[in-house]
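Reading through the structure tokens given below for one structure.
Just so we're on the same page: letters track the sequence lines, and every chain starts at 1.
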Amino acid sequence: MGARVLVFKYGVGNVFSVKSALERAGARVRISTGLEDLGSYDALVLPGVGTMPAAMSRLESWRGEIERHIDRGKPVLGICLGLQVLFEESEELGITRGLGLLPGRVERVKASVLPHIGWSLVEPTRSSTLLEGVESPFYAYFIHSYAYRAVNSGFVKAVTRLENDVFASLVESPPLYATQFHPERSGRVGSTILSNFVGLAR
Amino acid sequence: MPAVRVIPCLDIDKGRVVKGVRFENLRDKGDPVELASRYEDLGADELVLLDVTATIEDRRPIYRVVRDVASAISIPFTVGGGVRSMADVEKLLDSGADKVSINTAAVKNPKLVEEASREFGSQSIVIAIDAKRRWGSWEVYVASGKKPTGLDAIQWARRAVELGAGEVLLTSIDRDGTRNGYDVELVRAVVEAARVPVIASGGAGSLSHFYEAYRAGATGLLAAGLFHDGLLSPLDVKAFLSSRGVEVRL
């Protein structure tokens, strides 16, 4: 049987394509608007929907459940905004406190044209579990304006350049895994990354 | 800048892909899910699905087609046509659309762009502008190019971006389906005004047309008829752009 993965719909937006992609990667997936049943799942996915303040207003009340999941060593995958909420704070629409599972602040990308929409190169900088079997560098699909820019942090495993700026495109601090790009919308490479994550969940 | 995106557009009428000339004389081009998967295999970077008759026939958006396409492909896509309310936007995103484009309803009620961008994030809201040349400028048309609005396309693009739209899908009605090339002056003017990514649409007929739109500043290059008819594939276009030194995802 495939790993049981809970996709937490903590905001408004597309989570259907995340669910479809995880199912293609072999997982049994449920979308939920609450985390009361998280204990019976092997892995948690925080998809990339909405804005930081809206997301945190719904995530805040489930902080305890998320921390318990992590304490049990079960993996979490954050996608796009789901990466950003892992940090201590974000400057999107004023300073918003995040889950604080990773140190540091999410900032607006320094580029003349934002949002950053489209396929950009992901350059691995340290060895990564999610990128096993992925040829690098590779193109992935991004759609965001904010990112974690302190790319020298040890948990940053890949970076992406935009104009003269550089930001984290993949972070890993087991059991936390997160991508600034959308693996569910990044073609074959994205499917490999999701399979690698689902593999961690059994 | 991210790689330039080549974007096949599926105009949908009653669940089928169609294509016309200057928004008229729609002809059947196939099944949306089949075409979407084929374009992914042929190197499409992104897709646009537009229900071209939803607004004029006063129908709701095409949720079932969106869901089927979303489960079949692993590249992003934008959906538009008949989007009138926050509930429409939310339901399309819920059905698997990555971005939602708003056209007629944005002109009638610009607040919708503002509210939708705040709630769903600018990156999910695309302002679709259908523009027609008029003397030295371009006028915005709505209802599938059937109704003039008196709005200047450049000013409207700037305003929609101020309201929060994260991307502009810019179609030249004069060029649509003609294969005479994009209206590059229109593209250049909107790129300068908008400061968000601009998708050029209407008129692609040859490889060099794509390059011209890229040179005018478009980061998304949309085409429909010439892909549907198999004259060129997205891969052909990207190989050509790459040979001209343009960054593409190959």
Side-chain angles (χ1 to χ4, degrees), chain A residues 9 11-21 23-25 31 47-55 80-81 84 92-93 111-122 137-146 160-163 181-194, chain B residues 1-7 40-41 43-46 63 66-79 86 89-100 116-126 165-167 191 194-199 217 219-220 238 247-250:
Chain A
K9 188 174 192 308
V12 281
N14 174 14
V15 298
F16 180 75
S17 49
V18 176
K19 176 174 186 274
S20 302
E23 285 170 349
R24 287 195 294 266
I31 294 174
V49 288
T51 60
M52 185 75 180
C80 194
L81 181 62
Q84 300 174 11
E92 182 178 10
L93 305 171
S112 61
V113 176
L114 287 176
H116 170 215
I117 298 181
W119 297 81
S120 291
L121 271 183
V122 175
F138 60 92
Y139 278 101
Y141 189 78
F142 291 83
I143 177 160
H144 67 118
S145 297
Y146 293 81
T160 290
R161 291 164 210 286
L162 185 66
E163 297 179 18
F181 54 89
H182 286 263
E184 78 280 12
R185 282 292 176 249
S186 292
R188 206 168 300 136
V189 170
S191 307
T192 305
I193 291 169
L194 290 174
Chain B
M1 204 171 73
V4 167
R5 295 165 288 155
V6 175
I7 307 175
E40 176 175 2
D41 293 341
D45 296 306
E46 196 171 319
Y63 304 113
V66 172
R67 196 154 275 252
D68 292 347
V69 169
S71 352
I73 65 173
S74 58
I75 54 172
F77 69 107
T78 299
V79 179
M86 291 290 281
V89 176
E90 178 161 13
K91 197 155 175 220
L92 283 172
L93 294 172
D94 266 342
S95 304
D98 298 285
K99 295 178 270 184
V100 170
S117 309
R118 198 181 314 121
E119 178 73 12
F120 307 106
S122 283
Q123 74 286 342
S124 354
I125 303 303
V126 178
E167 191 168 42
V191 165
R195 321 259 310 157
V196 297
V198 174
I199 301 173
T219 54
K238 296 204 293 185
E247 186 188 348
V248 291
R249 174 186 71 112
L250 279 176

Handout entry: Contact summary for A/S20 and B/S71, nearest pair of heavy atoms
Key = OG-CA, 3.8 Å
Handout entry: Contacts of type side-chain contact (heavy atoms from CB on, under 4.5 Å), residue A/S120, not counting sequence neighbours
Key = A/H116, A/F142, A/T160, B/P2
Practice task
Please identify each residue that fulfils side-chain contact (heavy atoms from CB on, under 4.5 Å) with A/I31, with sequence neighbours left out.
Solution key: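 In terms of side-chain contact (heavy atoms from CB on, under 4.5 Å), with neighbours along the sequence ignored, A/I31 is linked to A/V7, A/K9, A/V15, A/K19.
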Handout entry: Side chain to side chain, A/I143 and B/K99, heavy atoms closer than 4.5 Å
Key =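 When only atoms from C-beta onward are counted, B/K99 and A/I143 do touch, with a gap below 4.5 Å.
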Practice task
For the residue pair B/S74 and A/R24, establish whether any side-chain heavy-atom pair is separated by less than 4.5 Å.
Solution key: yes
Heavy-atom contact with chain A under 4.5 Å, split by part of [X]:
X: B/E119; value: both
X: B/S95; value: backbone
X: B/R195; value: both

In Å, rounded to the nearest 0.5 Å, how long is the span from [atom1] of [X] to [atom2] of [Y]?
X: B/L93; Y: A/S17; atom1: CG; atom2: OG; result: 9.5 Å
X: B/L250; Y: A/Y139; atom1: CG; atom2: OH; result: 8.0 Å
X: A/I117; Y: B/Q123; atom1: CD1; atom2: CD; result: 7.5 Å
X: B/R249; Y: A/W119; atom1: CZ; atom2: CH2; result: 3.5 Å

Residue selection (most heavy-atom pairs with chain A, distance under 4.5 Å) from [options]:
options: B/V89, B/V100, B/V248; answer: B/V248
options: B/G121, B/P197, B/S124, B/A72; answer: B/P197
options: B/E40, B/R5, B/M1; answer: B/R5
options: B/R118, B/R67, B/E90; answer: B/R67
options: B/A194, B/G166, B/G220; answer: B/G166
options: B/A70, B/A3, B/P76; answer: B/P76

Handout entry: Portion of A/E184 that has a non-hydrogen atom of chain B nearer than 4.5 angstrom
Key =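 It is the backbone, since no side chain atom gets that close.
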